[in-house]
Chemist: 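Structure provided below as structure tokens; questions to follow.
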Amino acid sequence: MTALGTLLPVAAASLRHRKAAFAGSYVALTLGVTLVATTGSLLNETAGDDSPLGAPSLHKVLQFTSAMAAFVAVFVVAGTFAFAVAQRRREIAMLRAVGATPRQVVGLITGEAAVVALASAVSGCLLSLAGAPALAAWLVARGAAPDGFTARPAAGPMLLAAAVGLLVALLGAVSAAVRAGRVRAVEALGDAAVDRRVMTRPRWAFALLGLIGLAGTVSYYLSAATLPPAPGDQPDDPQLASQWVLGADLLTITAIALFAPVVVPPLVRLLSAPLARATAAAPLLARQNALTAVRRTVSTATPAFLTIALTGTVVGSTAAFADAMTAQGRATAAARYVLHPGDAPLPADAARRLTAGRPGLHATATTSTVVTGLGADRPAFDDHGEDSAASVPSAATVVDGDLTNAWTLPAVDGSAADLRGATLAASTDQARGHGWKLGDQVNLRLADGTVASLRLALVYRTQLGLDEVLLSGDAADGHLGGARPGAVHLSAEPAERLGGVLTDAHDPGPDPNAHYAWIATTTILGPALLYALIAIVNTMVMSTADRRRDFTVLRLAGTVRRQVLQMVALEAVLVVATAAALALAVTVLTQYGTTALLNHRILAGQTAVPLHLPWLPLGTGAALCLALAVAAGVLPSRLALSGPAESR
């Protein structure tokens with residue numbers, strides 16, 4: 001009989017006796033492929049300018065969502081398949097002892113993983129056919145996507161998600177199998193009892209590369225004059241700072257997660273120190289189990305760590321940028337009051353009507369618009385193709401009146417008083433991205449399709465709450481396509497309000513568009529967190545199913561069911577506490593870095609924002625992880641302990 005024929009019965013027996021492990025791997029990969037295929041299908045339906053006015057770019061939000069989904073899925077899938085192999089170390093030890101070669105062990109596990117992975121890939125792609133339209137409908141209902149936006153079946157995203165899932169699953173299983181298959185037969189049985197070497201050389205290498213990448217990212221962010229865009233983005237995108245911050249956050253989480261086998265044991269030892277003085281059996285057993293079964297502790301802690309760390313970093317970064325925008329807006333406000341539209345739009349001549357008969361009252365109206373082909377060559381405007389440089393849209397603000405009455409912008413070159421006639425102002429990011437200098441003629445197409453050539457009169461430091469391009473009211477007069485003023489900036493309180501809402505320019509209250517930022521955050525974070533929470537339950541159930549023999553030994557030694565369940569619950573508490581401590585460290589580090597980078601690069605002396613930690617989201621995430629981990633550990637254990645100990 002061939003070696004393959006000899007191992008086939010072993011594979012069949014494994015499938016029968018380790019249903020929980022195979023089911024857990026199947027669930028993890030199926031949901032991972034579903035998540036990546038769903039977000040990829042939605043991203044496939046978007047273009048560069050596809051969002052309602054005032055909302056963040058849907059294309060960019062879905063780019064972040066896809067990246068976050070892939071990030072979490074890779075960690076969970078690789079960890080789950082590696083954990084499933086690690087659970088079989090006694091079985092592999094027996095195979096090595098009876099003569100199985102390392103190649104045979106790797107071949108057996110690779111074949112099993114391939115079968116599970118293929119089934120999961122197909123299931124995940126099928127589930128995404130329902131998941132993508134559901135997420136699209138959610139975005140439309142909240143105004144973050146245009147009416148009619150949906151997702152149609154697309155082979156490309158689904159095949160890519162399936163391929164990534166298969167690759168990650170096989171790499172996770174094979175790398176663990178290679179480690180298990182390398183031990184000598186005599187050492188295998190001893191190595192099966194205690195985890196001695198969890199931090200392998202490849203993991204050390206990837207962890208160190210993660211730290212180097214993080215250091216390089218932060219250094220480049222601080223030193224570069226202008227930031228390179230992501231593929232498909234414009235070089236003048238005002239949200240590049242948030243993209244770089246998110247990238248640094250993910251690199252930090254990756255590095256800590258890769259170093260987990262090194263940092264988890266001392267952290268568990270520290271957190272469980274009070275249990276070492278306990279006299280009851282359950283606390284002592286829980287502590288020793290968490291310390292000796294490092295692979296199990298790391299595998300079960302990773303989804304909880306991802307959940308809490310991603311919540312802290314993403315929510316914290318979003319709040320930090322919101323604080324910076326508010327602080328910068330207050331620092332640059334030159335007006336005393338701002339009149340916003342009420343239930344009806346403001347009249348087109350609102351500024352003139354408000355200042356009529358009041359010579360001491362200064363008013364400047366601002367109107368949001370979209371220009372296309374910013375900086376394109378004149379011949380490009382004759383090409384009406386979608387890929388033409390003249391078709392690229394950019395948000396702009398029309399300033400009808402004296403710019404200095406509305407904002408005190410930090411000028412890098414030129415004067416705000418010169419924004420009149422056929423002129424425009426641009427931020428430093430815009431000017432650097434396009435290579436403009438003061439006095440250059442800039443071509444663009446206005447909202448009504450008119451092609452204009454405007455002189456660059458002012459270059460100002462990029463502002464978080466202000467468009468990157470400001471057009472003079474004279475240049476856009478009659479070319480706004482019927483758009484009404486979005487705000488009127490006033491030097492004093494007006495005699496009438498024209499049906500609008502008057503706010504204090506230095507204390508404007510909540511940003512009416514702030515909810516878009518939280519919708520974007522929920523879209524980016526929500527699917528990944530939901531997947532990570534499911535992974536907590538999945539991993540805990542897999543872990544418990546593998547411990548039936550341990551439970552039997554404890555029962556035969558005289559331990560009652562209540563003590564075993566207490567032990568399992570305490571282990572779950574230790575796992576989540578360890579994950580929460582690591583996540584808190586990551587959040588503190590990333591929030592400190594985000595605040596420092598905002599103050600150094602964006603605010604740059606205009607104002608400053610203090611360090612704030614998102615305690616409520618962190619606490620909520622930790623509590624949810626704890627509840628799920630304890631329930632997913634205790635309930636299966638209770639079922640496993642049903643009946644007399646001798647019968648198992």
Side-chain angles (χ1 to χ4, degrees), residues 47-60 146 229 232-240 348 364-401 403 406-407 409 414 416 418-460 462-487 513:
D49 181 35
D50 40 33
S51 306
L53 189 62
S57 167
L58 179 61
H59 185 74
K60 208 170 302 304
D233 286 343
Q234 299 180 61
D236 47 45
D237 192 330
Q239 299 302 322
L240 283 176
T364 298
T366 57
T367 306
S368 296
T369 187
V370 174
V371 298
T372 52
L374 192 64
D377 294 331
R378 277 282 177 166
F381 288 99
D382 297 327
D383 181 3
H384 298 287
E386 292 184 1
D387 297 331
S388 169
S391 66
V392 178
S394 299
T397 296
V398 177
V399 181
D400 188 6
L403 175 62
W407 299 292
L409 298 179
D418 293 335
L419 188 66
R420 59 180 184 273
T423 61
L424 82 164
S427 70
T428 49
D429 283 351
Q430 278 276 2
R432 287 169 181 162
H434 289 283
W436 296 336
K437 295 181 180 178
L438 191 69
D440 286 352
Q441 292 296 127
V442 177
N443 299 321
L444 54 89
R445 180 181 282 120
L446 297 169
D448 65 348
T450 302
V451 177
S453 181
L454 307 180
R455 179 177 59 85
L456 182 62
L458 168 68
V459 178
Y460 58 91
T462 302
Q463 306 293 295
L464 285 173
L466 193 63
D467 285 332
E468 299 283 282
V469 176
L470 305 178
L471 307 177
S472 72
D474 297 330
D477 187 26
H479 301 292
L480 293 179
R484 301 291 188 89
N513 291 324

Chemist: When you compare the side chain of Leu419 with that of Leu458, does any pair of heavy atoms fall below 4.5 Å?
Modeler: no
Chemist: Got a sec, which residues hit side chain to side chain donor-acceptor pair (under 3.5 Å) with Thr397, two or more places apart in sequence or on another chain?
Modeler: Asp467
Chemist: Which atom pair, heavy atoms only, marks the closest approach of Arg378 to Ser453?
Modeler: NH2-CB, 3.5 Å
Chemist: If I compare all heavy atoms of Asp440 with all of Gly435, which pair ends up nearest, and what's the gap?
Modeler: OD2-O, 4.2 Å
Chemist: Could you measure the distance from the CZ atom of Arg455 to the CG atom of Leu424? Nearest 0.5 Å is fine.
Modeler: 9.5 Å
Chemist: Can you find a pair of side-chain heavy atoms, one from Glu468 and one from Thr462, that are under 4.5 Å apart?
Modeler: yes
Chemist: Tell me, please, which residues at least two apart from Asp448 pass side chain to side chain donor-acceptor pair (under 3.5 Å).
Modeler: Thr450, His479
Chemist: Taking atom CG of Asp477 and atom CG of Leu471, what is their separation to the nearest 0.5 Å?
Modeler: 12.5 Å
Chemist: How long is the straight-line distance from OG1 of Thr428 back to CH2 of Trp436, given to the nearest 0.5 Å?
Modeler: 12.0 Å
Chemist: Please examine the side chains of His434 and Val442, heavy atoms only from C-beta on, and report whether any two atoms are closer than 4.5 Å.
Modeler: no
Chemist: Is any side-chain heavy atom of Val399 closer than 4.5 Å to a side-chain heavy atom of Thr364?
Modeler: yes
Chemist: Does any non-hydrogen side-chain atom of Trp407 lie less than 4.5 Å from one of Thr366?
Modeler: yes
Chemist: My understanding is that only residues two or more places apart in sequence, or in another chain, count here; which of them pass side chain to side chain donor-acceptor pair (under 3.5 Å) with Thr423?
Modeler: none
Chemist: Write down the atom of Thr369, the atom of Ala447, and the distance for their closest heavy-atom approach.
Modeler: OG1-CB, 3.6 Å
Chemist: How many angstroms lie between atom CG of Asp418 and atom OG of Ser472, to the nearest 0.5 angstrom?
Modeler: 11.5 Å
Chemist: Might you point out which heavy atoms bring Ala475 and Ala422 nearest each other, and give the distance in Å?
Modeler: CB-CA, 4.2 Å
Chemist: To the nearest 0.5 Å, what is the distance between OG on Ser394 and CZ on Arg445?
Modeler: 12.5 Å
Chemist: Check whether Asn443 reaches the backbone of Ala376 with its side chain - one donor and one acceptor, N or O, closer than 3.5 Å.
Modeler: yes
Chemist: Using a 4.5 Å cut-off on heavy atoms from C-beta on, say whether the side chain of Asp400 contacts that of Thr367.
Modeler: no
